[in-house]
Amino acid sequence: MIQNRISWNEIKSRAITFSREYQTAEKENAEAQTFWNDFFYVFGIDRRRVASFEHHVKKLSPNPSKGGEQNSPFGGRGATGRIDLFWKGVLIVEHKSKGENLEKAFDQAIGYFEGLKDYELPKFILVSNFQQFRLYDVLERKVHAFALDEFYQHISLFGFMIGAVKKETRPDDPLNIEAAELMATIHDQLFESGYKGEVLELFLVRILFLFFADDTAIFQKNQLLEYVEQRTSEDGSDLGMHL
């Protein structure tokens with residue numbers, strides 16, 4: 001979905017430019033869509049490929065200011081609304097005009113959850129009134145608030161935009177233990193095949209880095225895995241050559 005991932009330095013440079021360009025933005029109706037298209041561009045993403053504006057969804061209560069339509073005379077579950085910007089399974093954005101209350105925007109975003117399918121529920125909620133941002137991490141239950149001109153300083157919070165979400169790891173994590181055991185197995189098998197000393201150790205360090213880069217999206221996500229699956233024989237006879 002996300003192609004041609006750009007470097008963090010380039011993302012930070014684009015974030016600075018973005019903040020300068022929208023210093024004087026004020027009106028939601030006039031500038032919001034351009035604002036968010038350019039926000040996605042900061043991360044090298046064509047917004048049209050992943051997210052849509054004005055996504056219709058049933059909600060807990062109607063909101064006339066957002067063009068909500070009440071299909072039931074009693075409101076509640078019969079009401080529909082429009083999410084300002086929706087990236088299914090990833091992000092809901094609610095936007096307000098300059099100076100408007102962002103708590104209201106957050107409450108509005110939460111109100112849409114009832115009308116979403118489980119696989120559509122976002123991991124993040126982002127609200128803004130041009131000059132201020134609040135990013136809510138739904139799973140971690142954390143909120144990060146910052147001003148438009150501080151955007152570039154908080155760019156790492158948006159790793160999820162490019163599939164580079166940070167994961168907390170522990171030394172006793174079963175996955176880490178399993179990985180260490182696999183590396184030990186590779187070491188022993190290569191040693192028995194005649195690889196020894198500095199050559200063997202250097203090879204293992206390089207392979208370990210590739211595994212890490214593959215998992216954390218330092219390169220394109222799963223690039224090594226896809227290469228091995230698509231370019232090598234199923235019986236592994238030419239795997240060594242490719243590595």
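We use all heavy atoms of the structure for the numbers below, so side chains are in, but hydrogens, waters and symmetry mates are not.
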- Task: Determine whether D84 and E54 make a side-chain contact, defined as any pair of heavy atoms from C-beta on separated by less than 4.5 Å.
- Result: yes
- Message: Hydrophobic clusters here meaning ILVMFWY residues chained together by side-chain heavy-atom distances under 4.5 Å, can you tell me if I6 and F18 are in one?
- Response: yes
- Query: Looking at V57 and G115, what are the two nearest heavy atoms and their distance?
  - Reply: CG2-O, 3.4 Å
- Query: Between atom CG of N37 and atom CG of D46, what is the distance when rounded to the nearest 0.5 Å?
  - Reply: 8.0 Å
- List the atom of W8, the atom of G159, and the distance in Å for their closest heavy-atom pair. CH2-CA, 3.9 Å
- Report the distance from atom NE2 of H187 to atom CG of L200, rounding to the nearest 0.5 Å. 4.5 Å
- Query: So, D235 and S237: side-chain donor and acceptor under 3.5 Å apart, yes or no?
  - Reply: yes
- Taking E10 for its side chain and S7 for its backbone only, find out whether a donor-acceptor pair lies under 3.5 Å. no
- Query: When the ring centroid of F158 is compared with that of F39, is the distance short of 6.0 Å?
  - Reply: yes
- How many angstroms lie between CE in M161 and CZ in F40, if you round to the nearest 0.5 Å? 4.0 Å
- Hydrophobic side-chain clustering at under 4.5 Å (ILVMFWY, transitive links): who's grouped with Y152? Put none if nobody. I16
- Message: With a 4.5 Å cut-off on side-chain heavy-atom distances among I, L, V, M, F, W and Y, is there a chain of contacts connecting I186 to L225?
- Response: no
- Donor-acceptor pair, side chain of S193 and main chain of Q189, under 3.5 angstrom: yes
- Message: For a quick test of reading the model, state the closest non-hydrogen atom pair linking A15 to V42 and the distance between them.
- Response: N-CG1, 3.8 Å
- Item | Heavy atoms of other groups near Y227 OH, more than 12 under 6.0 Å | yes
- With a 4.5 Å heavy-atom cut-off, do L85 and H95 have their side chains touching? no
- Can any side-chain N or O of R47 pair as donor or acceptor with the backbone N or O of W36 at less than 3.5 Å? no
- Query: Which pair of non-hydrogen atoms, one from S128 and one from Q132, has the smallest distance, and what is that distance?
  - Reply: OG-O, 3.0 Å
- Ion pair present between K104 and E94, side-chain N to carboxylate O less than 4.0 angstrom? no
- When hydrophobic residues are tied together by side-chain contacts of less than 4.5 Å, even through go-betweens, does L239 share a cluster with Y195? yes
- Message: Using only atom types and a distance under 3.5 Å, with no angle test, would you say the side chain of K196 pairs donor to acceptor with the backbone of F191?
- Response: no
- Message: How long is the straight-line distance from CG of L202 back to CD1 of I207, given to the nearest 0.5 Å?
- Response: 10.5 Å
- Task: May I ask you to decide if the ring planes of F35 and Y22 are parallel, tilted or perpendicular, using 30° and 60° as cut-offs?
- Result: perpendicular
- Can you name the nearest heavy-atom pair linking S233 to D238, along with the distance? N-OD1, 2.9 Å
- Task: Determine the interplanar angle of the H154 and F146 rings, folded into 0 to 90°, and report it as parallel if under 30°, tilted if 30 to 60°, perpendicular if over 60°.
- Result: parallel
- Should L182 and L224 be counted in the same cluster of Ile, Leu, Val, Met, Phe, Trp and Tyr side chains packed under 4.5 Å apart? no
- Query: For the hydrophobic clusters of this structure (ILVMFWY residues joined by side-chain heavy atoms under 4.5 Å, transitively), does one cluster hold both F113 and V143?
  - Reply: yes
- Query: Any donor and acceptor pair, going by atom type alone, linking the side chain of N129 with main-chain N or O of E100 inside 3.5 Å?
  - Reply: yes
- Heavy-atom donor-acceptor pair, Q131 side chain to K98 backbone, under 3.5 Å: no
- Query: Just one of F106, F86, F160, W87 clears the ring pair (Phe, Tyr, Trp, His ring centres under 6.0 Å) bar with F124, so which one?
  - Reply: F160
- Task: Hey, could you give me the CD1/CD1 distance between I162 and I11, rounded to the nearest 0.5 Å?
- Result: 4.0 Å
- Task: Kindly determine whether F130 and E31 satisfy side chain to side chain contact (heavy atoms under 4.5 Å, CB included), including the steps that lead there.
- Result: CA-CA 9 Å; F130 289 114; E31 300 178 274; 3.9 Å; yes
- Message: Side chains of H55 and K88, heavy atoms from C-beta outward: is any pair under 4.5 Å?
- Response: yes
